[in-house]
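What follows is a short report on a single structure.
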Amino acid sequence: MTMQIADSVPLSASDAKARAQAAAARDNLRTEPRAVRITIIALAMIFLTVFVVLPLVVVFAQAFSRGVLAYLAALAEPEALAAIRLTLLVAAISVGLNLVFGLVAAWAIAKFDFPGKTFLITLIDLPFSVSPVISGLVFVLLFGAQGYFGSWLRDHDIQILFAVPGIALATTFVTFPFVARALIPLMQEQGTQEEEAAISLGASGLQTFFRVTLPNIKWGVLYGVLLCNARAMGEFGAVSVVSGHIRGETNTMPLLVEILYNEYQFVAAFAIASLLAMLALITLIVKTVLERHLDEGQGPSDH
C-alpha cells in the first residue's frame, strides 16, 4: 500500500507539471501587446471585407438594382433558363462520374498495395496543376475536326465538341480529384480491420463495401460531392474552350455571365452571377456542417 502511494506521487506531480506548462503556453499566446492583436485582427477583417464580403454585396446590389421584377425577368429569359438547365445537367453528369471514380480510386489506394499506386495518386492530382484552359485545348486536339479522332467522329456523325458531351468531359476532368481526395485520407485513417472482420465472417466484397465501408465514409462522400458540384457549376476556362459559345445551347451560367456583361446587360449578368454567388454561400454553409460531422465521425459513435 505504501509503495502504491509512493508510486502515485511522482505521477500526480508529473501531471500537475504538464498542466502547468500547458496553461503557461496558453497564457503566452495572449501576452502579445494589445495593439499588435488589434492590428492583426483588423488586417484580417479588412482583407475578408475587401476580397470576400464586398464583391458579394456588389453582385447582389447590381442584380437587384432595378428591382425584384427586373431580376426575376432576367432569370426567366429563355437564354438564362437554357444556361441554368445546361449547368445543372453537366454538374449532374460530372459529379456522378467523379463519385464512381472517387470511390473506386480511394478504395484501391487506401485498402490495397499494387504497382503504380504512387503514379495513380499523381494522376489524380494532375487537374490541380494543369490550367483548365489547357485541359480544354487537349479535348480540342482529341475530338476537334482536325484532332486525332475528329475524322472518325465526323464519319459516324458523333458530336463531342460544341455540345453537351464535350462540356461534360471538360468539366469532369477539372473536377475529378475532389471526391477521391476527400476520401483517400479518411479511408487510410480507418484502416482495413473492419473490412477484414466482415470478410472473415463470410461477407462478400460488395456486402463489405455497402455495409461496412460506405457507412463509415458517408460524410466524406458528401463532402467530396459538395466540392465537386460547386466547382462543376462554376467552371469557366475548360468549358469556354470546348463549348463554342452557341447561345441557348452550349452556354453554361459562367459563360452567359461573361456574354451578358460584354453586351452591357448588367442586370441580367449580375442576376445569373447572383445564383452562382448563392451557390457559393450554400456550399460554404454545408461544407461547415459536413466538416463538423467528419470530425465527430472519428469518434466511436460511427463505428
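The model shown is predicted, which means the values in this text are computed figures rather than measured ones.
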Might you confirm whether atom [atom1] of [X] has over 12 heavy atoms from other residues, nucleotides or ligands at distances under 6.0 Å?
X    : atom1 : value
M278 : CE    : yes
Y261 : OH    : no
Q146 : CD    : no

Measure the acute angle between the ring planes of F176 and F173, then classify it against the limits of 30° and 60° as parallel, tilted or perpendicular.
perpendicular

Whether F266 and Y264 hold their rings parallel, tilted or perpendicular, with breakpoints at 30° and 60°
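F266 and Y264: perpendicular rings.
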
Apply ring-ring contact (aromatic ring centres under 6.0 Å, His included) to the pair F128 and F178, showing each step before the final yes or no.
CA-CA 10 Å; F128 287 144; F178 289 97; 5.6 Å; yes

N/O donor-acceptor pairs under 3.5 Å from side chains in residues 104-112, not counting sequence neighbours:
from: K111; atom 1: NZ; to: G191; atom 2: O; distance (Å): 2.5
from: K111; atom 1: NZ; to: E195; atom 2: OE2; distance (Å): 3.3

Indicate, with yes or no, if V174 and L142 share a hydrophobic cluster defined by side-chain heavy-atom contacts under 4.5 Å among Ile, Leu, Val, Met, Phe, Trp and Tyr.
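Yes, same cluster.
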
Which pair of non-hydrogen atoms, one from V59 and one from A277, has the smallest distance, and what is that distance?
CG1-CB, 4.5 Å

So, [X] side chain and [Y] main chain: donor-acceptor pair closer than 3.5 Å or not?
X    : Y    : result
N229 : V225 : no
Q190 : N216 : yes
K117 : F114 : no

Kindly list each side-chain donor-acceptor pair under 3.5 angstrom involving residues 151-171, sequence neighbours excluded, with atom names and distances?
from: H156; atom 1: ND1; to: W152; atom 2: O; distance (Å): 2.9
from: Q159; atom 1: NE2; to: L161; atom 2: O; distance (Å): 2.6
from: T171; atom 1: OG1; to: I167; atom 2: O; distance (Å): 2.8

Donor-acceptor list for residues 70-99 side chains, cut-off 3.5 Å, not counting sequence neighbours:
from: Y71; atom 1: OH; to: S274; atom 2: OG; distance (Å): 2.8
from: E79; atom 1: OE1; to: R247; atom 2: NH2; distance (Å): 3.1
from: E79; atom 1: OE2; to: R247; atom 2: NE; distance (Å): 2.7
from: E79; atom 1: OE2; to: R247; atom 2: NH2; distance (Å): 3.0
from: T87; atom 1: OG1; to: A83; atom 2: O; distance (Å): 2.7
from: T87; atom 1: OG1; to: M253; atom 2: N; distance (Å): 2.9
from: S94; atom 1: OG; to: V90; atom 2: O; distance (Å): 3.0
from: S94; atom 1: OG; to: A91; atom 2: O; distance (Å): 3.2
from: N98; atom 1: ND2; to: S94; atom 2: O; distance (Å): 2.9
from: N98; atom 1: ND2; to: T175; atom 2: OG1; distance (Å): 2.7

